Amino acid sequence: MKLNYPIKSIFSACIAYAAIGAGYTTTAQAQTAKVIKVKTDQPIAKVQPNMWGVFFEDINFGADGGIYAELIKNRSFEFTKPLMGWSIQRKNPKEGEILVVNRKEVNTANPRYLQVKKQTDDFELINEGFKGIGVKKGLRYDFSLMYRQLTPGVKLVLMLKDANNKIIGQGTLTPDQTGNDWKKQSASFIATEADPKAKFSILFQGNGNIDVDMISLFPGDTWKNRPQGLRADMVQLLADMKPGFIRFPGGCIVEGTDLANRYQWKKTIGPIENRQLIINRWNTEFPYRAAPDYFQSFGLGFFEYFQLAEDIGSDALPILNCGMACQFNSAEVASLDELDPYVQDALDLIEFANGDVTTKWGKMRADLGHPKPFNLKMMGVGNENWGPQYLERLAIFTKAIKAKYPDFKIINSSGTDPEGDRFNLLNTTLRNNHADFIDEHYYRPADWFLKNAGRYDNYPRNGSKVFVGEYAVHADSKIEGSNRNNWESALASASLMTGLERNADVVQMASYAPLFANIDAWQWAPDMIWVDNLKSYGTPDYYVQKQFSTNKGTDVVSITLDNKNIIGQDGLYASAVTDQVKKELIIKIANNANQPQQIDFDLEGKLKLKSKGTNEEIANSNLKQVNSFENPEAVSPKKSTINLKGKKLNISLKPYSFNVIKIPFTT
């Protein structure tokens with residue numbers, strides 16, 4: 001994420017998607033068929049199996065309150081305000097009956113707990129959840145807590161309540177052990193009604209003294225039914241994309257506002273009660289979208305990220321701090337003579353992912369339930385860092401990693417922008433240093449995307465490869481929230497992506513950003529997938545990304561109009577690939593014109609094309625159209641059959657459409 005202040009200034013340069021920028025045609029022009037030539041049997045580049053991936057960052061409550069299915073906010077009382085998210089109801093409060101105790105010297109990772117000295121009156125401890133708790137009728141809910149019962153006699157009544165305090169799910173838990181040691185105990189119950197904004201209550205009954213911590217509630221339908229796992233509907237949307245990689249954990253999260261707030265992967269693995277919570281750097285980043293209750297519990301940690309990538313068949317792509325905090329915030333750096341721990345973290349992560357179980361970190365992975373290596377192939381060093389100070393630190397990381405793992409690929413930052421002095425310094429230096437990958441980011445208006453579809457046509461074909469690690473079309477600043485993910489933006493992305501695909505020998509990986517946003521708790525828009533407490537939907541951008549990812553092919557082939565790459569002539573943008581495994585010719589073509597366009601495809605070559613194919617078309621006459629919870633597929637692919645005549649295909653492209661044409665072949 002590139003940060004400028006205030007955030008609206010990011011979008012101040014955005015312009016409307018006018019006819020001139022899009023290259024709109026007249027009606028007369030649209031009626032004349034254009035001849036587009038595809039050389040079907042002359043590959044010009046290989047498409048990497050992991051070319052199209054996804055970017056994950058814990059922004060917009062994407063992890064806690066999002067894909068991490070925990071329903072209790074501030075479950076361990078570690079927020080800056082220890083009882084944030086909690087309230088206590090009791091008729092006759094007694095001084096000292098309920099205390100938050102800090103044992104910092106005993107447990108630095110999770111120092112606070114709630115001490116309950118129960119007298120005679122019952123009282124309730126109530127949690128509001130993340131903008132409420134989404135409850136599904138008939139679903140099992142799994143409660144757990146850690147406790148230390150010094151004096152027995154307390155019974156816990158567990159209740160889900162709707163806005164009118166009606167109980168819509170209830171269970172009980174009676175602590176069964178006494179003593180000074182912490183124990184964990186669980187209970188489950190079934191919800192009797194549905195509610196998107198419920199709350200959770202623990203009624204303390206009886207007498208006795210008890211300490212409680214790590215109060216947790218999960219739905220019973222997590223991804224793969226893993227205890228304390230991920231939200232299944234959100235993971236399924238990712239799995240359906242078949243992404244080649246998952247970049248994690250960000251993003252600016254990696255850098256932190258200062259180095260103390262940076263992401264440290266070793267603190268995110270192991271028992272969840274030992275994972276040290278920190279404030280989320282998006283907590284106060286944007287004052288008018290402040291989120292004072294936004295923290296990182298790290299219930300979704302590096303082991304879970306690796307596991308998620310494995311689950312959906314993606315490569316893991318972790319990004320690590322390079323000894324530099326966010327340069328827009330504090331610009332704090334670790335001195336070069338104190339960089340060793342940062343470098344060691346990188347080396348240890350490779351061992352954690354790939355090492356034999358006899359190694360220190362390989363054993364840690366095995367102890368967590370995964371003796372088989374994760375087969376990590378690459379990592380990023382730094383996120384959007386720039387300047388000579390970045391190059392100095394990057395050189396130290398690169399030397400150390402390559403010395404131990406010479407074939408391991410390193411992602412190098414090119415800063416925050418795709419042009420300018422910062423970019424030029426990094427791009428030139430990194431290419432001279434034979435960097436594996438250079439990470440380019442761009443958040444720009446639709447017009448910029450359209451004008452840059454040929455950006456990589458003249459890049460060097462050899463040497464450093466490009467990873468477009470973060471990109472999204474940013475609509476006019478007057479458009480806010482989920483409305484920013486309109487068809488105009490997605491169509492412009494699709495148009496640029498044809499240029500990325502055409503240059504697959506240069507651009508070997510790409511990922512849209514950010515991924516998730518909670519409709520009630522977002523800080524940044526646009527985002528690929530929007531969620532609330534119960535539902536999720538893919539935006540038009542999601543369907544564009546999915547079309548590329550699930551139709552990536554294996555070999556790029558030439559597609560031209562008047563012997564030129566198709567990069568905006570009359571609003572057209574196109575690329576073509578063959579899939580030598582599925583035996584398909586796949587043509588992707590976007591029509592940014594406000595009129596239909598007749599296309600005659602001349603499919604040259606020795607491939608034996610079948611007479612029937614399909615066109616998966618995304619089209620909408622309203623460029624401002626969005627998807628929503630009420631209409632999640634308003635802008636989504638519609639499939640139809642097409643007929644060839646020999647090696648000719650005539651097709652009419654709808655106005656404002658993106659088409660994926662697939663023609664089976666035999667060899």
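As the structure is a prediction and not an experimental result, all values here were calculated from the model.
Taking the side chain as every heavy atom from C-beta outward, F245 and M509 approach each other to under 4.5 Å. Using a 4.5 Å heavy-atom threshold, the side chains of Y656 and N591 count as separate. You'll find the side chain of D233 stays beyond 4.5 Å of the side chain of K535, heavy atoms only. Side-chain contact between V557 and I559 is absent, with no heavy-atom pair separated by less than 4.5 Å. Annotation: side chain of I529 is in contact with side chain of L238 (closest heavy-atom distance under 4.5 Å). Taking the side chain as every heavy atom from C-beta outward, D311 and F306 never approach each other to under 4.5 Å. Counting heavy atoms from C-beta on, the side chains of F302 and F248 come closer than 4.5 Å.
The cationic group of K465 does not satisfy the cation-pi geometry with F437, failing either the under 6.0 Å distance to the six-membered ring centre or the 45° limit from the ring axis. Cation-pi geometry between R455 and Y573 is not met at under 6.0 angstrom from the ring centre and within 45 degrees of the axis.
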Evaluate W524 against H474 for ring pair (Phe, Tyr, Trp, His ring centres under 6.0 Å), listing each step before the verdict. CA-CA 11 Å; W524 177 287; H474 277 193; 5.7 Å; yes
Start with the C-alpha distance between F516 and W522, add both sets of side-chain angles, then the distance that settles ring pair (Phe, Tyr, Trp, His ring centres under 6.0 Å), and finish with yes or no. CA-CA 9 Å; F516 293 119; W522 58 272; over 10 Å; no
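Using a distance-only test at 3.5 Å, with no hydrogens or angles considered, no donor-acceptor pair links the side chain of D527 to the main chain of A517. R231 places no side-chain N or O within donor-acceptor distance of the main-chain N or O of A69, the cut-off being under 3.5 Å. In this structure, the side chain of R247 does not engage the main chain of I319 through any donor-acceptor pair within 3.5 Å.
A salt bridge links K648 with D602: at least one charged nitrogen is closer than 4.0 Å to a carboxylate oxygen. A salt bridge does not link K638 with E616: every distance from a Lys NZ or Arg NE/NH1/NH2 to an Asp or Glu carboxylate oxygen is 4.0 Å or more. With respect to the salt-bridge test (charged N to carboxylate O, under 4.0 angstrom), the residues K136 and D221 qualify.
Checked by atom type, the side-chain pair E384/H441 shows a donor-acceptor distance below 3.5 Å. For the residue pair S495 / N592, a side-chain donor-acceptor distance below 3.5 Å is found, with atom types taken as modelled.
Nearest heavy-atom pair across S414 and D439 is OG-O, 2.6 Å.
With N551 as the partner, the side chain to side chain donor-acceptor pair (under 3.5 Å) test is satisfied by one option alone out of E501, K662, E584: K662. A side-chain contact (heavy atoms from CB on, under 4.5 Å) with Y537 holds for exactly one of V626, V531, L237, N627; it is N627.
In N643, the CG atom is crowded: over 12 heavy atoms of neighbouring residues, nucleotides or ligands sit closer than 6.0 Å. Around atom NZ of K37, no more than 12 heavy atoms belonging to other residues, nucleotides or ligands sit under 6.0 Å away. The number of heavy atoms from other shown groups lying within 6.0 Å of NZ (K377) does not exceed 12.
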